[in-house]
Peer 1: 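Take this structure first; my questions come after.
So that the names make sense, note that chain A is the first sequence line, chain B the second, and so on, each numbered from 1. All of these numbers come straight from a predicted model, not from anything done at the bench.
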Number of protein chains: 2
Amino acid sequence: MRPAKTLERVVPIGTLAERTGVKVETIRYYEQVGLLPEPERSEGNQRRYGRAHVERLAFIKHARDLGFAVESIRTLLRLSDTPGMACDEAHAIAAEHLDEVRDKIARLRSLEAELARIATVCSGGVAASDCAVIEALADHSHCEHHGH
Amino acid sequence: MRPAKTLERVVPIGTLAERTGVKVETIRYYEQVGLLPEPERSEGNQRRYGRAHVERLAFIKHARDLGFAVESIRTLLRLSDTPGMACDEAHAIAAEHLDEVRDKIARLRSLEAELARIATVCSGGVAASDCAVIEALADHSHCEHHGH
DNA sequence: CCTACAACCTGTAGCCACTACAGCTTCAAG
DNA sequence: CTTGAAGCTGTAGTGGCTACAGGTTGTAGG
């Protein structure tokens, strides 16, 4: 009896995909754009991943889930690969991204307010040519700047 | 003396762009994908827009600013073009979009919380190989589901 | 009337971060 | 040894623009 799949140390791409929650195609894409290093290959040219790959891909997924751009992740990975490197740069990337996220939240909130207004006006089911939803979209009087 | 530009009734694409805040290339793109009807042309084949175009494009811009997908806008425009059409469908589109926006806000907020945690840990300027930002990204213990 | 130059035209390619497919080869269970 | 899932490469498509290249038109000043 072989060890169970979850204990195997060298796995094919499908297993890596399962373990990290990243799709097979996306893994190959990450390799292509240089986020994930090229793995060893089997005799038949199939990718074989080890522990280090699982960890690195998990890092990437986590950062992507947090909305970091691939370019930022590349930098973060470079930083994490460089022992003794100053943390300042990594911190700056995270802080900048946090700013962007807060900005986005603010914009979505003002947007939510206007949408809520639009969506409620004609919820009574008025079947008419002057639908309030349409009018609200045509009418810019309530439309403050949502910013960029 | 001709009327001032802001009073002209038939304008070239650049003026339409200025008035609506939509870039020239984007206007042509909207025409290409069928959001904006093909306008009249000058003798020399240049687009000439009238009042109706300005209004329609303003509608499109407003909806885009609110985050409606082009496909949804297409439907909304069709509805607004159809006199006596039931408002229900327009309402459904707006309500669905509102749901999506609220979802997005919720996800961004949990994301903000994690990012804030990440960004503060090493703000003291610890220059070390075990940068807290990097570690926080490598470490999934704090990482609740951010949802899709 | 002529010239200069901004604004316009079409068509194509690029952007991001994937996703999907076509057409093939390899792996592993039965 | 057969079968079928899983792997491979390479290319094209997605959305919503944006950015050229290389040409034509409109118009204000001289």
Side-chain angles (χ1 to χ4, degrees), chain A residues 1-5 8 10-36 38-49 53 57 59-77 97 100 104 148, chain B residues 1-5 8 10-36 38-49 53 57 59-77 97 100 104 148:
Chain A
M1 219 211 296
R2 300 262 222 83
K5 229 174 189 180
E8 280 176 45
V10 170
V11 298
I13 197 167
T15 310
L16 178 63
E18 264 174 49
R19 276 187 205 176
T20 55
V22 178
K23 289 189 182 171
V24 168
E25 292 90 344
T26 306
I27 295 173
R28 286 196 283 246
Y29 168 75
Y30 286 158
E31 181 182 324
Q32 202 185 307
V33 299
L35 272 194
L36 207 57
E38 294 183 21
E40 306 285 306
R41 299 283 184 135
S42 73
E43 296 249 320
N45 199 37
Q46 299 195 354
R47 290 168 180 84
R48 294 298 174 235
Y49 296 95
H53 285 100
L57 185 53
F59 181 103
I60 294 168
K61 176 162 195 343
H62 193 187
R64 280 295 300 145
D65 284 349
L66 285 169
F68 284 92
V70 163
E71 197 43 51
S72 299
I73 298 176
R74 213 191 303 277
T75 306
L76 290 170
L77 282 169
H97 187 54
E100 284 167 19
K104 208 179 265 183
H148 159 64
Chain B
M1 218 215 286
R2 302 261 222 84
K5 230 177 187 177
E8 280 177 47
V10 170
V11 297
I13 197 167
T15 309
L16 178 63
E18 262 175 50
R19 276 187 206 175
T20 55
V22 178
K23 289 188 181 172
V24 168
E25 293 89 344
T26 307
I27 295 173
R28 286 197 282 247
Y29 169 74
Y30 286 159
E31 181 182 324
Q32 202 185 308
V33 300
L35 272 194
L36 207 56
E38 295 184 21
E40 305 286 306
R41 298 283 184 135
S42 73
E43 295 248 321
N45 201 36
Q46 298 195 356
R47 291 167 179 83
R48 295 297 175 235
Y49 295 95
H53 286 101
L57 184 53
F59 182 104
I60 294 168
K61 174 158 196 345
H62 194 187
R64 282 296 301 145
D65 283 349
L66 285 169
F68 284 92
V70 163
E71 197 44 49
S72 300
I73 299 177
R74 213 191 302 278
T75 306
L76 290 170
L77 282 169
H97 186 54
E100 284 167 20
K104 206 180 263 181
H148 164 61

Peer 1: Any idea which of C:dT19, C:dA17, D:dC8 is nearest the A:Ala69 side chain?
Peer 2: C:dA17
Peer 1: Atom CD of A:Glu18 to atom C1' of D:dA5: distance rounded to whole Å?
Peer 2: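 So the CD-C1' distance, A:Glu18 to D:dA5, works out to 13 Å.
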Peer 1: Ignoring the backbone of B:Ser42, work out which of C:dA20, D:dT9, D:dT25 is nearest its side chain.
Peer 2: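 Minimum distance to the B:Ser42 side chain belongs to D:dT25.
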Peer 1: Please state how far atom NZ in A:Lys23 lies from atom C1' in C:dA17, giving the value in whole angstrom units.
Peer 2: 12 Å
Peer 1: Work out which heavy atom in A:Pro12 is nearest to a heavy atom in A:Arg48; give both atom names and the distance.
Peer 2: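 Nearest heavy atoms, A:Pro12 then A:Arg48: CB-NH1, 3.0 Å.
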Peer 1: Please report the distance, rounded to the nearest Å, between CZ in A:Phe68 and C1' in C:dC16.
Peer 2: 17 Å
Peer 1: Rounding to an integer number of Å, can you tell me how far B:Glu71 CD sits from D:dT14 C1'?
Peer 2: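 After rounding, the gap between these two atoms is 13 Å.
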Peer 1: Mind calculating the distance between NZ (A:Lys61) and P (C:dA17) to the nearest angstrom?
Peer 2: 15 Å
Peer 1: Given that A:Ile13 and B:Arg64 both sit by DNA chain D, which one's nearest nucleotide is further toward the 5' end?
Peer 2: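 Upstream on the strand: A:Ile13.
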Peer 1: For A:Glu25 and D:dT9, what is the distance between atoms CD and P respectively, to the nearest whole Å?
Peer 2: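 Computing the A:Glu25:CD to D:dT9:P distance gives 13 Å.
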Peer 1: Which one, D:dG7, D:dT9, C:dT19, comes nearest to the side chain of A:Val24?
Peer 2: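 Taking heavy atoms from C-beta onward, the closest nucleotide is D:dG7.
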Peer 1: Does a side-chain heavy-atom distance below 4.5 Å link A:Arg74 with A:Phe68?
Peer 2: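 Sidechains of A:Phe68 and A:Arg74: no contact.
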Peer 1: Atom CD of B:Glu43 and atom P of D:dT25: how far apart are they, to the nearest Å?
Peer 2: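 About 11 Å, once rounded to whole Å.
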Peer 1: What are the two closest heavy atoms between B:Leu35 and B:Leu77, and how far apart are they?
Peer 2: O-CD1, 3.7 Å
Peer 1: Ignoring backbone atoms, establish whether A:Arg48 has a side-chain N or O less than 4.0 Å from OP1 or OP2 of D:dA6.
Peer 2: no
Peer 1: For A:Arg47 and D:dG7, is the shortest distance between a side-chain N/O and OP1 or OP2 below 4.0 Å?
Peer 2: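 No, outside the criterion.
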Peer 1: Counting side-chain heavy atoms from CB outward, which of C:dC8, C:dC9, D:dG16 is closest to B:Pro12?
Peer 2: C:dC8
Peer 1: Can you see if the side chain of A:Tyr30 gets near the phosphate of C:dC18 - specifically, an N or O under 4.0 Å from OP1 or OP2?
Peer 2: yes
Peer 1: Can you identify which nucleotide, out of C:dT19, D:dT18, D:dT9, has its nearest atom closest to the A:Thr26 side chain?
Peer 2: C:dT19
Peer 1: Starting at CG of B:Asn45 and ending at P of D:dT24, how long is that distance when rounded to a whole Å?
Peer 2: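 After rounding, the gap between these two atoms is 12 Å.
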Peer 1: Which residue lies toward the 5' end of DNA chain D, B:Tyr29 or A:Arg28, if each is placed at its nearest nucleotide?
Peer 2: A:Arg28
Peer 1: Look at atom CD of B:Glu100 and say whether more than 12 heavy atoms of other residues, nucleotides or ligands are closer to it than 6.0 Å.
Peer 2: yes
Peer 1: Please determine whether a side-chain nitrogen of the Lys or Arg among B:Arg28 and B:Glu31 lies less than 4.0 Å from a carboxylate oxygen of the Asp or Glu.
Peer 2: no
